Amino acid sequence: MSGLQNLAILGATGSIGLSTLDVAARHPQRFRIFALSANERIDELAELCLRHQPRYAVVAQAVQADALGRRLKRCATEILIGPQGLERIAAHAEIDCVMAAIVGAAGLVPTLAAARAGKKLLLANKEALVMAGPIFMEAVRTHHATLLPIDSEHNAVLQCLPDSFSGDLGSHGVRRVLLTASGGPFRDAALERLQSVTPDEACAHPNWVMGRKISVDSATMMNKALEIIEAHWLFGATPEQIEVVIHPQSVVHSMVEYADGSVVAQLGNPDMRTPIAHALAYPERIEAGVGSLDLCRLGRLDFAAPDFARFPALGLGYRALKEGGTSPATLNAANEVAVRAFLERRLPFLAITAVIEAVMNELRPRPLASLDDVLDADATARRHAELQIEAMTVRP
Ligand code: NAD
Ligand code: MG
């Protein structure tokens with residue numbers, strides 16, 4: 001490996017951001033924390049800045065910049081504000097590697113800016129790729145960015161593909177990509193039980209500690225729907241080549257099946273520091289702080305087919321992928337609005353996917369030619385989702 005890499009972490013105070021800092025701090029000779037961003041939790045960001053002494057910190061608003069500035073009086077960190085600040089650090093000439101770990105559509109513009117600046121781009125923010133797939137991948141190709149997936153499933157698929165993988169599954173003899181899914185906290189719950197699910201129950205994932213939005217996505221299985229679309233763009237897999245397998249232990253992180261019948265899997269303890277370390281050091285391997293997998297203690301690994309009736313989000317994911325154009329952006333935006341309404345107790349759990357389906361039925365897919373088309377589809381779907389939520393909750 002050559003020299004010290006300057007690292008920018010977009011979304012440093014989140015679950016992925018903190019795990020990234022944990023791994024990077026184990027290898028100070030490899031990684032220098034050059035820029036950190038946060039939307040809220042300014043006290044936590046201040047602590048991180050004091051510990052890692054980044055050149056830049058980005059916050060959402062001027063009042064937060066003032067608050068952070070007061071905490072960082074003795075620190076040389078320069079404070080930047082808002083989306084322009086995020087774009088500036090994502091594309092900064094001195095940055096080698098960008099961890100895109102902002103949650104949701106808010107991450108799209110800075111993540112795309114990192115791709116357009118030809119960075120080594122570690123993609124946790126799957127929503128950005130789902131919304132803007134063709135535009136995003138075109139930016140990666142044109143500007144020779146190195147795109148490495150952080151999502152454990154896609155990182156596993158990357159590890160199961162040959163090093164020479166060119167983006168064409170067929171030419172490498174790949175038959176299928178098998179994405180594993182834990183099934184979330186309600187894998188076996190009765191449908192009537194799901195009617196009264198609270199935000200805290202939905203966020204209590206059995207295997208992973210994650211931000212609240214992705215935790216709800218895991219409970220509805222919309223997370224897997226987004227990951228189906230993500231797998232399409234990352235690996236060129238058609239909807240027919242992507243299969244979802246329920247695997248409650250979250251030890252097999254995903255698999256690739258080849259034409260000769262071989263199935264190659266990547267296994268490990270469920271700890272996001274593994275895919276993060278894999279991508280940070282790629283193609284080398286480094287210590288991530290993750291213990292050895294004890295298969296004998298585990299004893300068994302279970303697999304089952306997903307239940308498309310209990311988890312309609314899965315079908316919506318395949319539908320959006322097949323429809324193409326603006327459909328994945330519509331799916332993603334409606335989901336973000338519905339999940340927020342659920343977390344704010346304005347919408348029952350089971351209505352999340354009902355809202356998304358209704359919005360997809362209302363908004364026919366249009367072609368996607370530019371970032372403006374993506375942002376327009378996102379805004380339109382958000383408006384329609386809010387109207388759906390009002391209609392669903394105002395009824396007597
Ligand atoms: P999180 O909620 O813990 O953290 C989100 C981060 O984004 C925080 O630093 C927050 O300040 C920042 N942020 C939120 N809204 C913002 C906005 N409007 N503008 C700027 N910054 C904003 O989320 P997380 O669990 O770390 O997930 C981050 C991303 O990684 C998501 O896209 C998620 O799908 C993906 N991901 C997470 C995991 C996991 O284990 N947590 C696994 C796979 C993929
Ligand atoms: Mg995942």
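Just follow the structure's listing: the first ligand is 1, and inside any ligand the first atom is 1. Since the structure is predicted, the reported quantities are computational estimates derived from the model, not experimental observations.
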For [X], counting its heavy atoms only, list the atoms of ligand 1 lying under 4.0 Å from any of them.
{"X": "A106", "value": "17 (C), 18 (N), 19 (N)"}
{"X": "A12", "value": "9 (O)"}
{"X": "G11", "value": "6 (C), 7 (O), 9 (O)"}

Any nitrogen or oxygen of [X], side chain or backbone, less than 3.5 Å from one on ligand 1?
{"X": "V209", "value": "no"}
{"X": "M272", "value": "no"}
{"X": "T13", "value": "yes"}
{"X": "G14", "value": "yes"}
{"X": "S152", "value": "no"}
{"X": "R212", "value": "no"}

If you measure from [atom] to every heavy atom of [options], which option wins on shortest distance?
{"atom": "atom 16 (C) of ligand 1", "options": "N39, I276, L226, D271", "value": "N39"}
{"atom": "atom 36 (N) of ligand 1", "options": "I214, I102, T20", "value": "I214"}
{"atom": "atom 31 (C) of ligand 1", "options": "E127, K126, H154, M99", "value": "E127"}
{"atom": "atom 5 (C) of ligand 1", "options": "N207, L36, I150, V103", "value": "V103"}

Discussion item. Between F311 and T220, is there a side-chain heavy-atom distance shorter than 4.5 Å?
Written reply: no
Worksheet item: Going by heavy atoms in the side chains, are F31 and L4 under 4.5 Å from each other?
Response: no
Nearest to the Mg ion (ligand 2) - the N/O/S atom of [X], by atom name:
{"X": "E227", "value": "OE2"}
{"X": "D151", "value": "OD1"}
{"X": "E153", "value": "OE1"}

Worksheet item: In terms of heavy-atom contacts, does CZ of R340 have more than 12 from other residues, nucleotides or ligands at under 6.0 Å?
Response: no
Discussion item. Ring centroids only, cut at 6.0 angstrom: are H172 and Y258 within range, meaning strictly under it?
Written reply: no
